[in-house]
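First comes the structure, then the notes that go with it.
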Amino acid sequence: MAVPAAFFALFFVYPVAAIVTRGLRIDGQWRLGRIGDVLTDPAVLDILWFTGWQAAASTALTLAVALPGAYVFARFDFPGKRLLRAVVTVPFVLPTVVAGSAFLALLGHGGLLDSLWGVRLDTSVWAILLAHVFFNYAVVVRTVGGLWAQLDPRQEEAARVLGASRLAAWRRVTLPALAPAVAAAALMVFLFTFTSFGVIQILGGPRYATLEVAIYRETAQLLDLPTAAVLTLVQFAAVAAVLALHAWTVRRREGALKLVAPEQTARRPQGAAQWALLWGVLAVVALLILLPLAVLVERSLDAPGGYGLDYYRALQSVADSGGTYFVAPMDAVWNSLRYAAVATVFAVAVGGLAAAALTRKAGRLVRGFDALLMLPLGTSAVTVGFGFLIALDEPPLDLRASWILVPLAQALVGVPFVVRTMLPVLRAVDHRLREAAAVLGASPLRAWREVDLPLVARALGVAAGFAFAVSLGEFGATVFIARPDHPTLPVAVARFLGRAGQLNYGQAMALSTILMLVCAGSLLVLERIRTDRSGEF
(Lines give C-alpha, C1' and ligand atoms only; values in the text may rest on other atoms or scores of the structure.)
Protein backbone atom coordinates (compact mmCIF):
# COMPACT_ATOMS: atom_id res chain seq x y z
CA MET A 1 0.00 0.00 0.00
CA ALA A 2 2.97 2.33 0.47
CA VAL A 3 3.51 3.29 -3.19
CA PRO A 4 -0.18 3.86 -4.08
CA ALA A 5 -0.74 5.77 -0.82
CA ALA A 6 2.24 8.06 -1.50
CA PHE A 7 1.14 8.62 -5.10
CA PHE A 8 -2.38 9.65 -4.11
CA ALA A 9 -1.18 11.75 -1.19
CA LEU A 10 1.17 13.80 -3.38
CA PHE A 11 -0.82 14.09 -6.59
CA PHE A 12 -4.43 14.02 -5.43
CA VAL A 13 -5.00 14.77 -1.74
CA TYR A 14 -2.42 17.56 -1.56
CA PRO A 15 -3.53 19.51 -4.71
CA VAL A 16 -7.26 19.18 -3.93
CA ALA A 17 -6.73 20.20 -0.30
CA ALA A 18 -4.68 23.19 -1.46
CA ILE A 19 -7.40 24.62 -3.70
CA VAL A 20 -10.19 23.96 -1.15
CA THR A 21 -8.11 25.70 1.50
CA ARG A 22 -7.48 28.61 -0.86
CA GLY A 23 -11.24 29.01 -1.30
CA LEU A 24 -12.30 28.76 2.35
CA ARG A 25 -9.35 30.49 4.05
CA ILE A 26 -9.20 34.16 3.08
CA ASP A 27 -6.74 36.64 4.59
CA GLY A 28 -5.59 34.04 7.10
CA GLN A 29 -9.11 33.37 8.44
CA TRP A 30 -11.43 30.45 7.78
CA ARG A 31 -14.75 31.50 6.23
CA LEU A 32 -16.77 28.39 7.13
CA GLY A 33 -20.01 30.36 7.17
CA ARG A 34 -19.90 30.20 3.39
CA ILE A 35 -20.74 26.48 3.63
CA GLY A 36 -24.15 27.17 5.16
CA ASP A 37 -24.90 29.94 2.69
CA VAL A 38 -24.23 27.69 -0.30
CA LEU A 39 -26.03 24.61 1.06
CA THR A 40 -29.20 26.57 1.79
CA ASP A 41 -29.34 28.08 -1.69
CA PRO A 42 -32.38 26.56 -3.50
CA ALA A 43 -30.53 26.68 -6.82
CA VAL A 44 -27.70 24.56 -5.38
CA LEU A 45 -30.18 22.05 -3.96
CA ASP A 46 -31.83 21.73 -7.38
CA ILE A 47 -28.41 21.11 -8.97
CA LEU A 48 -27.57 18.46 -6.37
CA TRP A 49 -30.92 16.69 -6.89
CA PHE A 50 -30.55 16.65 -10.67
CA THR A 51 -26.93 15.45 -10.42
CA GLY A 52 -27.93 12.48 -8.27
CA TRP A 53 -31.02 11.26 -10.04
CA GLN A 54 -29.66 11.60 -13.58
CA ALA A 55 -26.55 9.63 -12.54
CA ALA A 56 -28.72 6.87 -11.04
CA ALA A 57 -30.96 6.77 -14.12
CA SER A 58 -27.95 6.75 -16.46
CA THR A 59 -26.37 3.87 -14.51
CA ALA A 60 -29.55 1.78 -14.56
CA LEU A 61 -30.09 2.39 -18.29
CA THR A 62 -26.46 1.60 -19.10
CA LEU A 63 -26.63 -1.71 -17.21
CA ALA A 64 -29.89 -2.66 -18.91
CA VAL A 65 -28.49 -1.96 -22.38
CA ALA A 66 -24.91 -3.21 -21.90
CA LEU A 67 -25.29 -6.42 -19.85
CA PRO A 68 -26.65 -8.36 -22.87
CA GLY A 69 -23.63 -7.07 -24.79
CA ALA A 70 -21.31 -8.27 -22.03
CA TYR A 71 -22.83 -11.75 -22.31
CA VAL A 72 -22.52 -11.81 -26.10
CA PHE A 73 -18.87 -10.73 -26.07
CA ALA A 74 -18.05 -13.17 -23.27
CA ARG A 75 -19.89 -16.31 -24.40
CA PHE A 76 -20.28 -16.04 -28.19
CA ASP A 77 -17.64 -16.44 -30.87
CA PHE A 78 -18.45 -14.63 -34.10
CA PRO A 79 -16.50 -12.99 -36.96
CA GLY A 80 -15.22 -9.50 -36.21
CA LYS A 81 -15.58 -9.91 -32.45
CA ARG A 82 -12.23 -8.32 -31.55
CA LEU A 83 -12.69 -5.43 -33.95
CA LEU A 84 -16.19 -4.73 -32.64
CA ARG A 85 -15.06 -4.88 -29.01
CA ALA A 86 -12.38 -2.31 -29.79
CA VAL A 87 -14.90 -0.11 -31.58
CA VAL A 88 -17.38 -0.04 -28.68
CA THR A 89 -14.58 1.26 -26.43
CA VAL A 90 -13.86 4.26 -28.66
CA PRO A 91 -16.71 6.48 -27.33
CA PHE A 92 -15.32 6.22 -23.82
CA VAL A 93 -12.14 8.09 -24.75
CA LEU A 94 -13.66 10.78 -26.97
CA PRO A 95 -13.77 14.25 -25.42
CA THR A 96 -17.24 14.87 -24.08
CA VAL A 97 -17.59 18.08 -26.08
CA VAL A 98 -17.05 16.14 -29.30
CA ALA A 99 -19.49 13.35 -28.50
CA GLY A 100 -22.00 15.90 -27.26
CA SER A 101 -21.77 17.69 -30.60
CA ALA A 102 -22.30 14.40 -32.44
CA PHE A 103 -25.44 13.65 -30.41
CA LEU A 104 -26.66 17.18 -31.00
CA ALA A 105 -26.41 16.51 -34.74
CA LEU A 106 -28.46 13.36 -34.28
CA LEU A 107 -31.05 14.55 -31.79
CA GLY A 108 -31.14 18.35 -32.15
CA HIS A 109 -32.57 20.81 -34.64
CA GLY A 110 -31.97 19.54 -38.17
CA GLY A 111 -30.63 16.24 -36.84
CA LEU A 112 -31.50 12.73 -37.94
CA LEU A 113 -34.60 12.34 -35.77
CA ASP A 114 -35.79 15.84 -36.64
CA SER A 115 -35.37 15.20 -40.37
CA LEU A 116 -37.07 11.80 -40.38
CA TRP A 117 -39.87 12.17 -37.83
CA GLY A 118 -39.76 15.78 -36.63
CA VAL A 119 -38.65 14.73 -33.15
CA ARG A 120 -36.11 16.70 -31.12
CA LEU A 121 -34.54 15.43 -27.89
CA ASP A 122 -31.78 17.99 -27.34
CA THR A 123 -33.89 19.93 -24.83
CA SER A 124 -34.93 16.82 -22.87
CA VAL A 125 -33.11 14.67 -20.34
CA TRP A 126 -33.34 11.68 -22.70
CA ALA A 127 -30.54 13.10 -24.84
CA ILE A 128 -28.32 13.26 -21.75
CA LEU A 129 -29.19 9.69 -20.71
CA LEU A 130 -28.54 8.29 -24.21
CA ALA A 131 -25.23 10.11 -24.46
CA HIS A 132 -24.18 8.67 -21.08
CA VAL A 133 -25.03 5.16 -22.29
CA PHE A 134 -22.97 5.88 -25.42
CA PHE A 135 -19.97 6.78 -23.23
CA ASN A 136 -20.21 4.01 -20.66
CA TYR A 137 -21.36 1.03 -22.71
CA ALA A 138 -17.78 -0.25 -22.91
CA VAL A 139 -17.29 -0.01 -19.12
CA VAL A 140 -19.94 -2.68 -18.53
CA VAL A 141 -19.03 -4.80 -21.55
CA ARG A 142 -15.33 -5.02 -20.69
CA THR A 143 -15.51 -5.05 -16.89
CA VAL A 144 -18.35 -7.57 -16.55
CA GLY A 145 -17.55 -9.44 -19.75
CA GLY A 146 -13.90 -9.87 -18.69
CA LEU A 147 -14.95 -11.91 -15.65
CA TRP A 148 -17.94 -13.55 -17.35
CA ALA A 149 -15.66 -14.99 -20.04
CA GLN A 150 -13.61 -16.78 -17.37
CA LEU A 151 -16.48 -18.29 -15.36
CA ASP A 152 -16.70 -22.05 -15.81
CA PRO A 153 -20.03 -22.72 -17.60
CA ARG A 154 -20.06 -26.27 -16.21
CA GLN A 155 -21.17 -24.91 -12.83
CA GLU A 156 -24.36 -23.56 -14.38
CA GLU A 157 -24.76 -26.76 -16.40
CA ALA A 158 -24.55 -28.79 -13.19
CA ALA A 159 -27.44 -26.78 -11.75
CA ARG A 160 -29.46 -27.52 -14.88
CA VAL A 161 -28.78 -31.25 -14.49
CA LEU A 162 -30.07 -31.03 -10.90
CA GLY A 163 -33.39 -29.68 -12.16
CA ALA A 164 -33.00 -25.91 -12.19
CA SER A 165 -34.40 -23.97 -15.11
CA ARG A 166 -32.09 -21.90 -17.29
CA LEU A 167 -33.16 -18.68 -15.56
CA ALA A 168 -32.91 -20.18 -12.06
CA ALA A 169 -29.45 -21.60 -12.78
CA TRP A 170 -28.24 -18.24 -14.03
CA ARG A 171 -29.78 -16.39 -11.07
CA ARG A 172 -28.38 -18.74 -8.42
CA VAL A 173 -24.99 -19.63 -9.90
CA THR A 174 -23.78 -17.07 -12.43
CA LEU A 175 -25.31 -13.86 -11.10
CA PRO A 176 -23.76 -14.14 -7.59
CA ALA A 177 -20.38 -14.79 -9.20
CA LEU A 178 -20.79 -11.74 -11.45
CA ALA A 179 -22.06 -9.47 -8.66
CA PRO A 180 -18.63 -7.96 -7.79
CA ALA A 181 -17.89 -7.12 -11.44
CA VAL A 182 -21.41 -5.74 -12.03
CA ALA A 183 -21.12 -3.60 -8.90
CA ALA A 184 -17.68 -2.36 -9.96
CA ALA A 185 -19.00 -1.40 -13.41
CA ALA A 186 -22.08 0.28 -11.91
CA LEU A 187 -19.89 2.22 -9.52
CA MET A 188 -17.66 3.54 -12.31
CA VAL A 189 -20.62 4.47 -14.50
CA PHE A 190 -22.32 6.28 -11.63
CA LEU A 191 -19.21 8.27 -10.75
CA PHE A 192 -18.62 9.30 -14.36
CA THR A 193 -22.22 10.39 -14.88
CA PHE A 194 -22.31 12.07 -11.46
CA THR A 195 -19.43 14.30 -12.58
CA SER A 196 -20.67 14.71 -16.16
CA PHE A 197 -19.69 18.02 -17.73
CA GLY A 198 -19.40 18.22 -21.52
CA VAL A 199 -22.59 16.26 -22.23
CA ILE A 200 -24.61 18.44 -19.85
CA GLN A 201 -23.16 21.65 -21.28
CA ILE A 202 -24.03 20.82 -24.88
CA LEU A 203 -27.21 18.73 -24.61
CA GLY A 204 -28.65 20.16 -21.40
CA GLY A 205 -28.12 23.82 -22.14
CA PRO A 206 -29.00 26.34 -19.42
CA ARG A 207 -31.85 24.17 -18.16
CA TYR A 208 -29.71 21.38 -16.67
CA ALA A 209 -26.52 21.59 -14.61
CA THR A 210 -24.55 19.06 -12.56
CA LEU A 211 -22.20 19.82 -9.68
CA GLU A 212 -19.31 19.56 -12.14
CA VAL A 213 -20.83 22.24 -14.36
CA ALA A 214 -21.52 24.45 -11.35
CA ILE A 215 -17.94 24.11 -10.08
CA TYR A 216 -16.62 25.04 -13.53
CA ARG A 217 -18.81 28.12 -13.73
CA GLU A 218 -17.89 29.31 -10.24
CA THR A 219 -14.16 28.69 -10.81
CA ALA A 220 -13.40 29.52 -14.44
CA GLN A 221 -16.15 32.05 -15.25
CA LEU A 222 -17.09 33.80 -11.99
CA LEU A 223 -13.78 33.29 -10.12
CA ASP A 224 -15.78 32.53 -6.97
CA LEU A 225 -13.39 30.10 -5.28
CA PRO A 226 -15.28 29.96 -1.93
CA THR A 227 -18.48 28.71 -3.61
CA ALA A 228 -16.50 26.32 -5.80
CA ALA A 229 -14.72 24.96 -2.70
CA VAL A 230 -18.04 24.27 -0.96
CA LEU A 231 -19.43 22.52 -4.04
CA THR A 232 -16.26 20.42 -4.19
CA LEU A 233 -16.78 19.35 -0.57
CA VAL A 234 -20.38 18.45 -1.35
CA GLN A 235 -19.20 16.36 -4.26
CA PHE A 236 -16.67 14.64 -2.00
CA ALA A 237 -19.35 13.84 0.58
CA ALA A 238 -21.72 12.39 -2.04
CA VAL A 239 -18.99 10.26 -3.61
CA ALA A 240 -17.82 9.02 -0.19
CA ALA A 241 -21.39 7.96 0.65
CA VAL A 242 -21.67 6.02 -2.63
CA LEU A 243 -18.32 4.31 -2.05
CA ALA A 244 -19.30 3.37 1.51
CA LEU A 245 -22.55 1.84 0.26
CA HIS A 246 -20.63 -0.05 -2.43
CA ALA A 247 -18.16 -1.47 0.09
CA TRP A 248 -20.93 -2.50 2.51
CA THR A 249 -23.06 -4.32 -0.07
CA VAL A 250 -20.41 -5.93 -2.28
CA ARG A 251 -17.50 -7.12 -0.18
CA ARG A 252 -19.49 -9.79 1.63
CA ARG A 253 -20.49 -11.29 -1.73
CA GLU A 254 -16.98 -11.73 -3.06
CA GLY A 255 -15.37 -15.13 -2.91
CA ALA A 256 -13.17 -17.63 -4.69
CA LEU A 257 -14.40 -18.73 -8.10
CA LYS A 258 -13.32 -21.35 -10.55
CA LEU A 259 -11.82 -19.47 -13.49
CA VAL A 260 -11.02 -20.97 -16.88
CA ALA A 261 -9.42 -19.73 -20.09
CA PRO A 262 -11.83 -17.49 -22.06
CA GLU A 263 -11.57 -19.53 -25.26
CA GLN A 264 -13.05 -22.51 -23.40
CA THR A 265 -16.30 -20.65 -22.75
CA ALA A 266 -16.88 -18.87 -26.10
CA ARG A 267 -18.83 -20.73 -28.78
CA ARG A 268 -20.84 -19.95 -31.87
CA PRO A 269 -24.50 -19.06 -31.20
CA GLN A 270 -26.86 -22.01 -31.23
CA GLY A 271 -30.58 -21.83 -31.76
CA ALA A 272 -32.90 -19.03 -32.77
CA ALA A 273 -32.86 -17.33 -29.35
CA GLN A 274 -29.07 -16.97 -29.24
CA TRP A 275 -28.88 -15.72 -32.81
CA ALA A 276 -31.65 -13.21 -32.05
CA LEU A 277 -29.72 -12.01 -28.99
CA LEU A 278 -26.55 -11.61 -31.05
CA TRP A 279 -28.28 -9.64 -33.79
CA GLY A 280 -30.11 -7.54 -31.21
CA VAL A 281 -26.82 -6.56 -29.55
CA LEU A 282 -25.28 -5.78 -32.94
CA ALA A 283 -28.27 -3.55 -33.76
CA VAL A 284 -27.86 -1.67 -30.48
CA VAL A 285 -24.15 -1.18 -31.15
CA ALA A 286 -24.88 0.06 -34.67
CA LEU A 287 -27.48 2.62 -33.56
CA LEU A 288 -25.96 3.72 -30.27
CA ILE A 289 -22.21 3.53 -31.00
CA LEU A 290 -21.51 3.45 -34.72
CA LEU A 291 -24.04 6.06 -35.85
CA PRO A 292 -22.67 8.93 -33.70
CA LEU A 293 -19.12 7.99 -34.71
CA ALA A 294 -20.16 8.03 -38.36
CA VAL A 295 -21.42 11.59 -37.87
CA LEU A 296 -17.93 12.65 -36.79
CA VAL A 297 -16.36 11.16 -39.90
CA GLU A 298 -18.97 12.73 -42.18
CA ARG A 299 -18.48 16.18 -40.74
CA SER A 300 -14.69 15.92 -40.99
CA LEU A 301 -15.04 15.30 -44.74
CA ASP A 302 -17.79 17.84 -45.48
CA ALA A 303 -15.66 20.79 -46.67
CA PRO A 304 -17.04 23.94 -48.38
CA GLY A 305 -15.89 22.73 -51.78
CA GLY A 306 -17.43 19.29 -51.37
CA TYR A 307 -16.43 16.11 -49.61
CA GLY A 308 -12.66 15.76 -49.34
CA LEU A 309 -9.59 15.92 -47.09
CA ASP A 310 -9.29 19.70 -46.93
CA TYR A 311 -9.66 19.87 -43.14
CA TYR A 312 -7.03 17.15 -42.67
CA ARG A 313 -4.55 18.99 -44.90
CA ALA A 314 -5.10 22.16 -42.87
CA LEU A 315 -3.96 20.33 -39.73
CA GLN A 316 -0.44 20.09 -41.14
CA SER A 317 0.13 23.84 -40.99
CA VAL A 318 0.60 26.14 -38.03
CA ALA A 319 -0.84 29.05 -40.03
CA ASP A 320 -4.14 27.24 -40.58
CA SER A 321 -4.63 26.84 -36.84
CA GLY A 322 -5.61 30.51 -36.68
CA GLY A 323 -3.05 31.37 -34.03
CA THR A 324 -4.39 28.66 -31.72
CA TYR A 325 -1.06 26.80 -31.50
CA PHE A 326 2.68 27.33 -31.65
CA VAL A 327 2.98 23.98 -33.49
CA ALA A 328 1.03 22.16 -36.16
CA PRO A 329 -2.14 20.59 -34.69
CA MET A 330 -1.06 17.15 -35.96
CA ASP A 331 1.71 17.22 -33.34
CA ALA A 332 -1.07 16.75 -30.79
CA VAL A 333 -1.35 13.13 -31.97
CA TRP A 334 2.21 12.33 -30.94
CA ASN A 335 1.80 14.23 -27.68
CA SER A 336 -1.33 12.28 -26.80
CA LEU A 337 0.28 8.92 -27.53
CA ARG A 338 3.36 9.75 -25.49
CA TYR A 339 1.42 11.09 -22.52
CA ALA A 340 -1.02 8.16 -22.60
CA ALA A 341 1.79 5.58 -22.68
CA VAL A 342 3.52 7.13 -19.66
CA ALA A 343 0.20 7.51 -17.83
CA THR A 344 -0.59 3.84 -18.48
CA VAL A 345 2.71 2.77 -16.90
CA PHE A 346 1.94 4.87 -13.81
CA ALA A 347 -1.66 3.64 -13.62
CA VAL A 348 -0.83 -0.06 -14.01
CA ALA A 349 2.03 0.10 -11.50
CA VAL A 350 0.08 2.03 -8.87
CA GLY A 351 -3.25 0.31 -9.53
CA GLY A 352 -1.72 -3.17 -9.67
CA LEU A 353 0.01 -2.72 -6.30
CA ALA A 354 -3.18 -1.28 -4.82
CA ALA A 355 -5.32 -4.16 -6.11
CA ALA A 356 -2.85 -6.70 -4.70
CA ALA A 357 -2.98 -4.97 -1.32
CA LEU A 358 -6.78 -4.84 -1.33
CA THR A 359 -7.03 -8.62 -1.73
CA ARG A 360 -5.63 -9.00 1.78
CA LYS A 361 -8.42 -8.66 4.34
CA ALA A 362 -6.80 -6.16 6.70
CA GLY A 363 -9.83 -4.42 8.18
CA ARG A 364 -11.08 -0.86 7.92
CA LEU A 365 -7.75 0.59 6.84
CA VAL A 366 -7.75 -1.35 3.60
CA ARG A 367 -11.45 -0.62 2.97
CA GLY A 368 -10.82 3.08 3.47
CA PHE A 369 -7.89 2.90 1.06
CA ASP A 370 -10.18 1.25 -1.49
CA ALA A 371 -12.55 4.20 -1.25
CA LEU A 372 -9.69 6.69 -1.59
CA LEU A 373 -8.61 5.13 -4.88
CA MET A 374 -12.04 5.79 -6.39
CA LEU A 375 -12.27 9.44 -5.34
CA PRO A 376 -10.59 10.83 -8.51
CA LEU A 377 -13.55 9.56 -10.54
CA GLY A 378 -15.91 11.58 -8.38
CA THR A 379 -13.79 14.71 -8.09
CA SER A 380 -14.16 17.71 -10.31
CA ALA A 381 -11.45 17.69 -12.98
CA VAL A 382 -11.44 21.48 -12.72
CA THR A 383 -10.53 21.16 -9.05
CA VAL A 384 -7.71 18.73 -9.79
CA GLY A 385 -6.31 20.86 -12.63
CA PHE A 386 -6.32 24.10 -10.64
CA GLY A 387 -4.98 22.19 -7.64
CA PHE A 388 -1.97 21.05 -9.66
CA LEU A 389 -1.18 24.63 -10.63
CA ILE A 390 -1.57 25.94 -7.06
CA ALA A 391 0.11 23.13 -5.11
CA LEU A 392 2.90 21.86 -7.37
CA ASP A 393 4.68 25.22 -7.68
CA GLU A 394 7.55 24.94 -5.18
CA PRO A 395 10.66 22.73 -5.00
CA PRO A 396 10.98 19.79 -4.78
CA LEU A 397 7.55 19.47 -6.43
CA ASP A 398 7.69 22.40 -8.84
CA LEU A 399 6.32 20.53 -11.85
CA ARG A 400 4.37 23.28 -13.59
CA ALA A 401 6.89 23.51 -16.44
CA SER A 402 7.44 19.75 -16.71
CA TRP A 403 5.73 17.54 -19.30
CA ILE A 404 5.34 14.80 -16.67
CA LEU A 405 2.51 16.78 -15.06
CA VAL A 406 0.06 15.76 -17.80
CA PRO A 407 0.52 11.96 -17.52
CA LEU A 408 0.39 12.24 -13.72
CA ALA A 409 -3.04 13.86 -13.96
CA GLN A 410 -4.15 11.28 -16.51
CA ALA A 411 -2.92 8.41 -14.32
CA LEU A 412 -5.13 9.60 -11.47
CA VAL A 413 -8.16 8.77 -13.61
CA GLY A 414 -6.66 5.54 -14.93
CA VAL A 415 -5.78 3.98 -11.56
CA PRO A 416 -9.41 3.39 -10.46
CA PHE A 417 -10.08 1.48 -13.68
CA VAL A 418 -7.01 -0.70 -13.12
CA VAL A 419 -8.10 -1.45 -9.55
CA ARG A 420 -11.77 -2.12 -10.33
CA THR A 421 -10.86 -4.34 -13.31
CA MET A 422 -8.25 -6.44 -11.51
CA LEU A 423 -9.79 -6.64 -8.05
CA PRO A 424 -12.72 -9.02 -8.77
CA VAL A 425 -10.38 -11.46 -10.54
CA LEU A 426 -7.68 -11.23 -7.85
CA ARG A 427 -10.22 -11.89 -5.12
CA ALA A 428 -11.61 -14.80 -7.11
CA VAL A 429 -8.24 -16.62 -6.98
CA ASP A 430 -8.41 -19.47 -4.46
CA HIS A 431 -5.98 -18.65 -1.64
CA ARG A 432 -5.27 -22.37 -1.25
CA LEU A 433 -3.33 -22.25 -4.51
CA ARG A 434 -0.91 -19.74 -2.96
CA GLU A 435 -0.68 -21.87 0.18
CA ALA A 436 0.12 -24.96 -1.88
CA ALA A 437 2.87 -23.06 -3.69
CA ALA A 438 4.30 -21.92 -0.34
CA VAL A 439 4.27 -25.50 0.99
CA LEU A 440 6.23 -26.57 -2.08
CA GLY A 441 8.91 -23.97 -1.24
CA ALA A 442 7.92 -20.97 -3.38
CA SER A 443 8.65 -17.51 -2.01
CA PRO A 444 5.76 -15.01 -1.86
CA LEU A 445 7.08 -13.28 -4.98
CA ARG A 446 7.39 -16.53 -6.91
CA ALA A 447 3.97 -17.70 -5.73
CA TRP A 448 2.48 -14.47 -7.06
CA ARG A 449 4.37 -14.85 -10.35
CA GLU A 450 3.47 -18.52 -10.86
CA VAL A 451 -0.07 -18.58 -9.42
CA ASP A 452 -1.72 -15.15 -9.48
CA LEU A 453 -0.16 -13.60 -12.57
CA PRO A 454 -1.25 -16.27 -15.09
CA LEU A 455 -4.82 -16.07 -13.77
CA VAL A 456 -5.05 -12.27 -13.75
CA ALA A 457 -2.94 -11.53 -16.84
CA ARG A 458 -6.02 -11.09 -19.01
CA ALA A 459 -7.54 -8.69 -16.49
CA LEU A 460 -4.22 -6.83 -16.41
CA GLY A 461 -4.36 -6.44 -20.18
CA VAL A 462 -7.93 -5.12 -19.97
CA ALA A 463 -6.85 -2.72 -17.22
CA ALA A 464 -3.91 -1.43 -19.27
CA GLY A 465 -6.18 -0.92 -22.27
CA PHE A 466 -8.67 1.04 -20.20
CA ALA A 467 -5.93 3.18 -18.64
CA PHE A 468 -4.46 3.97 -22.06
CA ALA A 469 -7.87 4.76 -23.54
CA VAL A 470 -8.89 6.97 -20.63
CA SER A 471 -5.58 8.84 -20.80
CA LEU A 472 -6.03 9.50 -24.52
CA GLY A 473 -9.36 11.21 -23.95
CA GLU A 474 -8.78 12.93 -20.58
CA PHE A 475 -9.69 16.58 -20.93
CA GLY A 476 -10.90 18.22 -17.72
CA ALA A 477 -7.58 18.47 -15.88
CA THR A 478 -5.32 18.38 -18.96
CA VAL A 479 -6.81 21.55 -20.43
CA PHE A 480 -5.43 23.55 -17.48
CA ILE A 481 -1.93 22.06 -17.34
CA ALA A 482 -1.02 21.16 -20.94
CA ARG A 483 1.53 23.59 -22.41
CA PRO A 484 0.48 25.51 -25.55
CA ASP A 485 3.37 24.01 -27.50
CA HIS A 486 2.47 20.45 -26.38
CA PRO A 487 -1.34 20.15 -26.69
CA THR A 488 -3.13 16.82 -26.52
CA LEU A 489 -5.83 15.76 -28.96
CA PRO A 490 -8.80 16.55 -26.66
CA VAL A 491 -7.33 19.96 -25.80
CA ALA A 492 -6.77 20.69 -29.48
CA VAL A 493 -10.35 19.72 -30.32
CA ALA A 494 -11.75 21.94 -27.56
CA ARG A 495 -9.67 24.92 -28.69
CA PHE A 496 -10.85 24.58 -32.26
CA LEU A 497 -14.48 24.24 -31.15
CA GLY A 498 -14.09 27.40 -29.08
CA ARG A 499 -13.16 29.47 -32.14
CA ALA A 500 -15.65 30.73 -34.70
CA GLY A 501 -15.50 29.73 -38.34
CA GLN A 502 -16.20 26.69 -40.45
CA LEU A 503 -12.50 25.91 -40.87
CA ASN A 504 -11.95 25.67 -37.13
CA TYR A 505 -15.03 23.48 -36.71
CA GLY A 506 -13.94 21.23 -39.58
CA GLN A 507 -10.45 20.85 -38.13
CA ALA A 508 -12.02 19.95 -34.75
CA MET A 509 -14.02 17.20 -36.43
CA ALA A 510 -10.92 16.02 -38.30
CA LEU A 511 -8.91 15.83 -35.07
CA SER A 512 -11.81 14.01 -33.41
CA THR A 513 -11.82 11.46 -36.20
CA ILE A 514 -8.06 10.99 -35.83
CA LEU A 515 -8.50 10.50 -32.09
CA MET A 516 -11.20 7.93 -32.77
CA LEU A 517 -9.00 6.02 -35.23
CA VAL A 518 -5.93 6.13 -32.96
CA CYS A 519 -7.97 4.80 -30.08
CA ALA A 520 -9.59 2.06 -32.17
CA GLY A 521 -6.20 1.00 -33.53
CA SER A 522 -4.61 0.92 -30.08
CA LEU A 523 -7.44 -1.10 -28.61
CA LEU A 524 -7.39 -3.48 -31.56
CA VAL A 525 -3.69 -4.12 -30.95
CA LEU A 526 -4.46 -4.88 -27.30
CA GLU A 527 -7.18 -7.29 -28.38
CA ARG A 528 -4.63 -9.26 -30.41
CA ILE A 529 -2.02 -9.49 -27.64
CA ARG A 530 -2.01 -12.84 -25.88
CA THR A 531 -0.83 -13.28 -22.33
CA ASP A 532 -0.01 -16.92 -23.08
CA ARG A 533 -0.71 -19.47 -25.78
CA SER A 534 -4.25 -20.06 -24.62
CA GLY A 535 -5.39 -16.68 -23.34
CA GLU A 536 -7.68 -14.43 -25.31
CA PHE A 537 -5.45 -11.36 -24.87
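Residues Val418 and Val350 fail the side-chain proximity criterion, which asks for heavy atoms closer than 4.5 Å. Between Phe50 and Thr210 the shortest side-chain heavy-atom distance falls below 4.5 Å. Proximity of Leu489 to Leu472: side-chain heavy atoms (C-beta onward) are nowhere separated by under 4.5 Å. Side-chain contact between Trp403 and Asn335: absent, with no pair of heavy atoms (C-beta onward) separated by less than 4.5 Å. Looking at heavy atoms from C-beta onward, Phe236 lies in side-chain contact with Val16 at the 4.5 angstrom threshold. Inter-residue side-chain proximity for Leu412 and Leu408 is flagged as unmet; no heavy-atom pair is nearer than 4.5 Å. Thr193 is not listed as a side-chain neighbour of Phe135, based on a closest heavy-atom distance of 4.5 Å or more. With contacts defined as side-chain heavy-atom distances shorter than 4.5 Å, the pair Pro15/Val384 does not qualify.
Scanning both residues, Ser336 and Pro490, for their nearest heavy atoms gives OG-CD, 4.2 Å. Nearest heavy atom pair, residue Met1 against residue Ala357, reads CG-CB, 3.4 Å. Across all non-hydrogen atoms, the minimal contact from Ile390 to Ala18 is CG2-CB, 4.4 Å. Between Ala355 and Met422, the shortest heavy-atom contact is CB-CB, 4.2 Å. Taking each heavy atom of Val413 and Val470 in turn, the nearest pair found is CG1-CG1, 3.4 Å. The shortest heavy-atom contact between Leu405 and Ile481 is O-CD1, 3.7 Å.
Taking CG from Leu353 and CG from Leu358, the interatomic distance works out to 11.0 Å, rounded to the nearest 0.5 Å. Interatomic distance, Thr89 OG1 to Leu84 CG, rounded to the nearest 0.5 Å: 9.5 Å. Here the CG-OH distance, from Leu337 to Tyr339, works out to 12.0 Å after rounding to the nearest 0.5 Å. Between the OG1 atom of Thr195 and the CD atom of Gln235 there is a distance of 6.5 Å, given to the nearest 0.5 Å. Here the OH-CG distance, from Tyr137 to Leu67, works out to 9.5 Å after rounding to the nearest 0.5 Å. Separating the CG atom in Leu296 from the CD1 atom in Ile514 is a distance of 12.0 Å, to the nearest 0.5 Å.
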task: List the steps, then state whether side-chain contact (heavy atoms from CB on, under 4.5 Å) holds for Phe192 with Thr59.
output: CA-CA 9 Å; Phe192 265 95; Thr59 303; over 6 Å; no
query: Can Leu399 and Phe388 be said to form a side-chain contact (heavy atoms from CB on, under 4.5 Å), step by step?
result: CA-CA 9 Å; Leu399 302 177; Phe388 268 43; over 6 Å; no
- prompt: Are Val144 and Phe73 close enough, and set up right, to give a side-chain contact (heavy atoms from CB on, under 4.5 Å), and what steps lead you there?
  reply: CA-CA 10 Å; Val144 179; Phe73 281 103; over 6 Å; no
task: Evaluate side-chain contact (heavy atoms from CB on, under 4.5 Å) for Leu517 paired with Thr513, printing each intermediate quantity in order.
output: CA-CA 6 Å; Leu517 295 177; Thr513 302; 4.3 Å; yes
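The ring of Tyr71 has its center closer than 6.0 angstrom to the ring center of Phe76.
Side-chain N or O atoms of Gln410 include one that pairs as donor or acceptor with a backbone N or O of Ser471 at under 3.5 Å. A donor-acceptor pair is defined here as one N or O able to donate and one able to accept, closer than 3.5 Å; no such pair exists between the side chain of Thr143 and the backbone of Val140. Using modelled atom types, one side-chain atom of Gln54 and one backbone atom of Thr51 make a donor-acceptor pair closer than 3.5 Å.
Between Phe12 and Phe8, the ring planes lie perpendicular to each other; the angle is over 60°, past the 30° to 60° tilted range.
Checked by atom type, the side-chain pair Thr383/Thr232 shows a donor-acceptor distance below 3.5 Å.
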